**Student:** 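I have a structure here, written as structure tokens, and I will follow up with some questions on it.
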Amino acid sequence: MPELPEVETVKRGLNKLIIGKTITTVRADNPKSFPNAEADVRKFLVGANVTEVRRRAKVLLIDLSTDYTLVIHLKMTGQLVYIGSQDERFGAGHPTDSLVGALPDKSTRVIFHFADDSHMFFNDQRKFGWVRLMPTSEVPNIDFMKRVGPEPLEADFTSTEFAVRFKRRAKTTIKAALLDQSVVAGVGNIYADEALWGAKIHPSRLVETIKPAEFKRIYTEVRTVMNLSIEKGGSTNRNYVNAEGKKGSYMEFARVFRREGLTCPRCGTEIIKIRVAGRGTHICPNDQRL
DNA sequence: CACTTGACCTGTCCGC
DNA sequence: TGCGGACAGGTCAAGT
């Protein structure tokens, strides 16, 4: 999915677009994408107003006036796209930074219709993502929410706390540990590679071999890279678009991710792609050594 | 408990 | 062109 910066971008977009809107109709084709009982949807979703959109890790939380919340995970290919009433939908094409055409399309799994005739589309090519409706008070009790680690971009999140969180994963690789959402929230494949390049750490290094100074570098790079990406509206590697259907531009600033065969911006060595923690992994073999 | 691997799906790309 | 296999931003449930 979309990692932390992409979900954060969608969150900010939706906060500008759907706050105060009333949901009038909800249509879901794929039961896996939105497994809630019809009765709950009628009682707590239809007729509800959107009060706030939040994010925790890579999960979006759309709070409703009924004290229920739409919990949404985009996983690998999910999109949440808002389209204003009529004219925009079948207008004269979309901007060049758009990936979506007229909606709904083949990948549309859920459609939310608002009272002003605008819509929010949950699109998800691979059907890994999901939408759930539950009481707002129960959201923290979801297994994932109980397990997930701290938000790495919070002002009070320190490098010391960062390093301590990894102790539990001493025998695995630093890349696997970074991807583990119970260690730190929100890091995925793109920003793990980008941060480890920035910190000059080989992704296959075992956690127990990482020195305090190195943890500090990884901490700084995780925050720098994700803050930059939020500034750039996230990364569009393939499917990702923001709440307006537009791509993010971080990939133009990526230093290793999907840049195999190109040169390292720091030393000029050719970037290579390897496999670590079962994931495609991009490194500079000169700057990042075992 | 900690760690690794495969499964969940659809689409695209690459080699034959 | 067609076909098979590998791979894709993430998590889980199994296995060891």
Side-chain angles (χ1 to χ4, degrees), chain A residues 1-11 29-35 55-60 71-80 99-101 105-110 122-132 142-149 165-196 203-208 222 225-226 229-230 232-242 247-254 256-261 273-282:
Chain A
M1 124 180 120
E3 308 179 28
L4 186 154
E6 290 73 33
V7 181
E8 177 65 21
T9 302
V10 172
K11 183 204 88 177
D29 293 354
N30 188 331
K32 280 193 166 178
S33 297
F34 190 23
R55 176 190 64 74
R56 176 73 172 100
K58 304 174 190 172
V59 178
L60 272 168
V71 183
I72 302 174
H73 203 309
L74 303 174
K75 291 287 179 83
M76 303 282 262
T77 56
Q79 308 173 327
L80 261 193
L99 264 184
V100 283
D105 67 15
K106 203 177 173 182
S107 73
T108 300
R109 311 297 174 203
V110 188
F122 175 67
N123 303 324
D124 185 18
Q125 180 183 99
R126 290 174 74 180
K127 300 182 183 172
F128 290 167
W130 43 260
V131 177
R132 284 181 167 282
I142 306 171
D143 284 347
F144 177 87
M145 291 298 181
K146 286 196 282 198
R147 269 201 326 267
V148 70
R165 306 271 325 163
F166 285 82
K167 289 213 189 300
R168 212 168 27 90
R169 306 298 313 268
K171 298 285 180 194
T172 193
T173 61
I174 184 64
K175 171 137 182 185
L178 272 173
L179 294 175
D180 181 345
Q181 299 298 290
S182 72
V183 174
V184 173
V187 181
N189 207 34
I190 297 177
Y191 305 109
D193 283 6
E194 292 289 291
L196 289 172
S204 298
R205 288 269 303 280
L206 292 187
V207 170
E208 63 187 356
V222 164
V225 150
M226 295 215 287
S229 183
I230 290 170
K232 302 298 174 191
S235 298
T236 297
N237 178 15
R238 300 185 130 81
N239 297 275
Y240 168 75
V241 291
N242 67 16
K247 301 177 192 173
S249 68
Y250 178 83
M251 287 301 285
E252 294 167 28
F253 302 84
V256 283
F257 190 80
R258 283 201 60 183
R259 294 181 60 79
E260 61 271 30
K273 186 173 180 183
I274 59 177
R275 206 145 190 97
V276 181
R279 312 294 302 274
T281 299
H282 312 77

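In this text, all values refer to a predicted model and were calculated from it rather than measured experimentally. A note on names: the letters A, B, ... follow the listed sequences, proteins ahead of strands, and every chain is numbered from 1. Because only heavy atoms are used, hydrogens play no part in the values below, and waters and symmetry mates are left out as well, while side chains stay in.
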**Student:** I want to check one thing: is the phosphate of B/dC9, taken as OP1 and OP2, less than 4.0 Å away from some side-chain N or O of A/Thr77?
**Tutor:**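 Checking A/Thr77 against B/dC9: no side-chain N or O falls below 4.0 Å of OP1 or OP2.
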**Student:** Touch check for A/Ser235, heavy atoms < 4.0 angstrom, all strands: base, sugar-phosphate only, or nothing?
**Tutor:**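 Base contact - A/Ser235 has a heavy atom under 4.0 Å of at least one base atom.
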**Student:** Using a 4.0 Å heavy-atom cut-off, does A/Ala170 contact any base of the nucleic acid, only the sugar-phosphate backbone, or nothing at all?
**Tutor:**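 Counting heavy atoms under 4.0 Å across all strands, the contact made by A/Ala170 is with sugar-phosphate only.
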**Student:** Where the side chain of A/Met76 is concerned, which of B/dG11, C/dA8, B/dA2 is the nearest nucleotide?
**Tutor:**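 Among B/dG11, C/dA8, B/dA2, the one nearest the side chain of A/Met76 is C/dA8.
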**Student:** If you count the non-hydrogen atoms of other residues, nucleotides and ligands that lie under 6.0 Å from CZ in A/Arg205, is the total more than 12?
**Tutor:**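 Yes, CZ of A/Arg205 has more than 12 neighbouring heavy atoms, counting only those of other groups under 6.0 Å.
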**Student:** Using the P atom as the point on both nucleotides, what is the distance between C/dA14 and B/dC9, in whole Å?
**Tutor:**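 Per the computed distance, 15 Å lies between those P atoms.
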**Student:** Pick the nucleotide of DNA chain C nearest each of A/Leu179 and A/Gly278; which residue has the one closer to the 5' end?
**Tutor:**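 With A/Leu179 and A/Gly278 compared, the 5'-side residue is A/Gly278.
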**Student:** If you check every side-chain atom of A/Gln125, which of B/dG11, B/dC9, C/dT11 has the closest atom?
**Tutor:**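 Given the options B/dG11, B/dC9, C/dT11, the side chain of A/Gln125 is closest to B/dG11.
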**Student:** Between B/dA2 and A/Lys171, is there an OP1 or OP2 to side-chain N/O distance shorter than 4.0 Å?
**Tutor:**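 No, no such contact exists.
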**Student:** Say we look at C/dC7 and B/dT5: how far apart would their P atoms be, to the nearest angstrom?
**Tutor:**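 C/dC7 and B/dT5 have their P atoms separated by 14 Å.
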**Student:** Heavy atoms under 4.0 Å, any strand shown: does A/Gly280 hit a base, just sugar-phosphate, or nothing?
**Tutor:**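 The answer is sugar-phosphate, as A/Gly280 gets under 4.0 Å only of primed atoms, P, OP1 or OP2.
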**Student:** Would you mind telling me which of C/dA8, B/dC3, C/dT11 lies closest to the side-chain atoms of A/Arg275?
**Tutor:**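 Side chain of A/Arg275 sits closest to C/dA8.
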**Student:** Do any side-chain nitrogens or oxygens of A/His73 fall under 4.0 Å of OP1 or OP2 in C/dG10?
**Tutor:**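 For A/His73, the contact criterion (side-chain N or O under 4.0 Å from OP1 or OP2 of C/dG10) is not met.
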**Student:** Using Watson-Crick or G-U wobble geometry with both distances under 3.5 Å, which nucleotide pairs with C/dA6?
**Tutor:**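 For C/dA6, the partner nucleotide comes out as B/dT12, under the 3.5 Å rule.
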**Student:** Measuring from the side chain of A/Gln181 (C-beta onward, heavy atoms only), which nucleotide among B/dC3, C/dT11, C/dC7 has the closest atom?
**Tutor:**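 Of the candidates, C/dT11 comes closest.
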**Student:** Identify which nucleotide among B/dC9, B/dG11, B/dC3 has an atom closest to any side-chain atom of A/Arg126, counting heavy atoms from C-beta outward.
**Tutor:**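 Selected nucleotide (nearest to the side chain): B/dC9.
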**Student:** Tell me whether the side-chain N/O atoms of A/Arg147 come closer than 4.0 Å to OP1 or OP2 in C/dC12.
**Tutor:**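 So the side chain of A/Arg147 is within the cut-off, an N or O lying under 4.0 Å from OP1 or OP2 of C/dC12.
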**Student:** When rounded to the nearest Å, what value does the distance between P atoms of B/dA7 and C/dG5 take?
**Tutor:**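 It works out to 15 Å between them.
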**Student:** Taking the six-membered ring for Trp, are A/His73 and A/Trp130 parallel (under 30°), tilted (30 to 60°) or perpendicular (over 60°)?
**Tutor:**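 Ring orientation of A/His73 relative to A/Trp130: tilted.
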**Student:** What's the closest nucleotide to the side chain of A/Arg168 if the choices are B/dA2, B/dC9, C/dG10?
**Tutor:**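 Among B/dA2, B/dC9, C/dG10, the one nearest the side chain of A/Arg168 is B/dA2.
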**Student:** Could you check A/Lys273 against A/Trp130 and say which one's nearest nucleotide on DNA chain C is further toward the 5' end?
**Tutor:**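 Final value for this comparison: A/Lys273.
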**Student:** Taking C/dT11 as the reference, what is the distance to B/dT12 when you measure between their P atoms (whole Å, please)?
**Tutor:**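 Taking atom P in both B/dT12 and C/dT11, they lie 24 Å apart.
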**Student:** Where the side chain of A/Lys32 is defined as all heavy atoms beyond and including C-beta, which of B/dT4, C/dG10, B/dC8 is the nearest nucleotide?
**Tutor:**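 Ranking B/dT4, C/dG10, B/dC8 by closest atom to the A/Lys32 side chain puts B/dC8 first.
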**Student:** Base, sugar-phosphate, or nothing for A/Asn237, non-hydrogen atoms under 4.0 angstrom?
**Tutor:**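 Counting heavy atoms under 4.0 Å across all strands, the contact made by A/Asn237 includes a base.
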**Student:** Within the structure shown, what part of the strands sits under 4.0 Å from A/Phe144 by heavy-atom distance: base, sugar-phosphate, or nothing?
**Tutor:**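 Sugar-phosphate contact only.
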**Student:** From B/dG11, C/dC12, C/dA8, pick the nucleotide closest to the side chain of A/Lys106?
**Tutor:**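 It is B/dG11.
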**Student:** Which of these passes side chain to side chain donor-acceptor pair (under 3.5 Å) with A/Asp180: A/Arg168, A/Lys175, A/Arg169?
**Tutor:**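 Only one option passes, and that is A/Arg169.
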**Student:** Please tell me if the side chains of A/Phe257 and A/Met251 come closer than 4.5 Å, counting only heavy atoms from C-beta onward.
**Tutor:**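 Counting from C-beta outward, A/Phe257 and A/Met251 do come under 4.5 Å.
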**Student:** Is there a side-chain contact between A/Tyr250 and A/Glu6 (heavy atoms, below 4.5 Å)?
**Tutor:**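 SC-SC contact between A/Tyr250 and A/Glu6 ruled out.
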**Student:** What do you reckon, do A/Phe128 and the base of C/dT11 stack, with centroid distance below 5.5 Å and planes below 30°?
**Tutor:**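 By the stated criterion, A/Phe128 and C/dT11 do not stack.
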**Student:** Distance-only, no hydrogens or angles: does the A/Ser229 side chain make a donor-acceptor pair with backbone N or O of A/Val225 under 3.5 Å?
**Tutor:**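 Not a single qualifying donor-acceptor pair exists.
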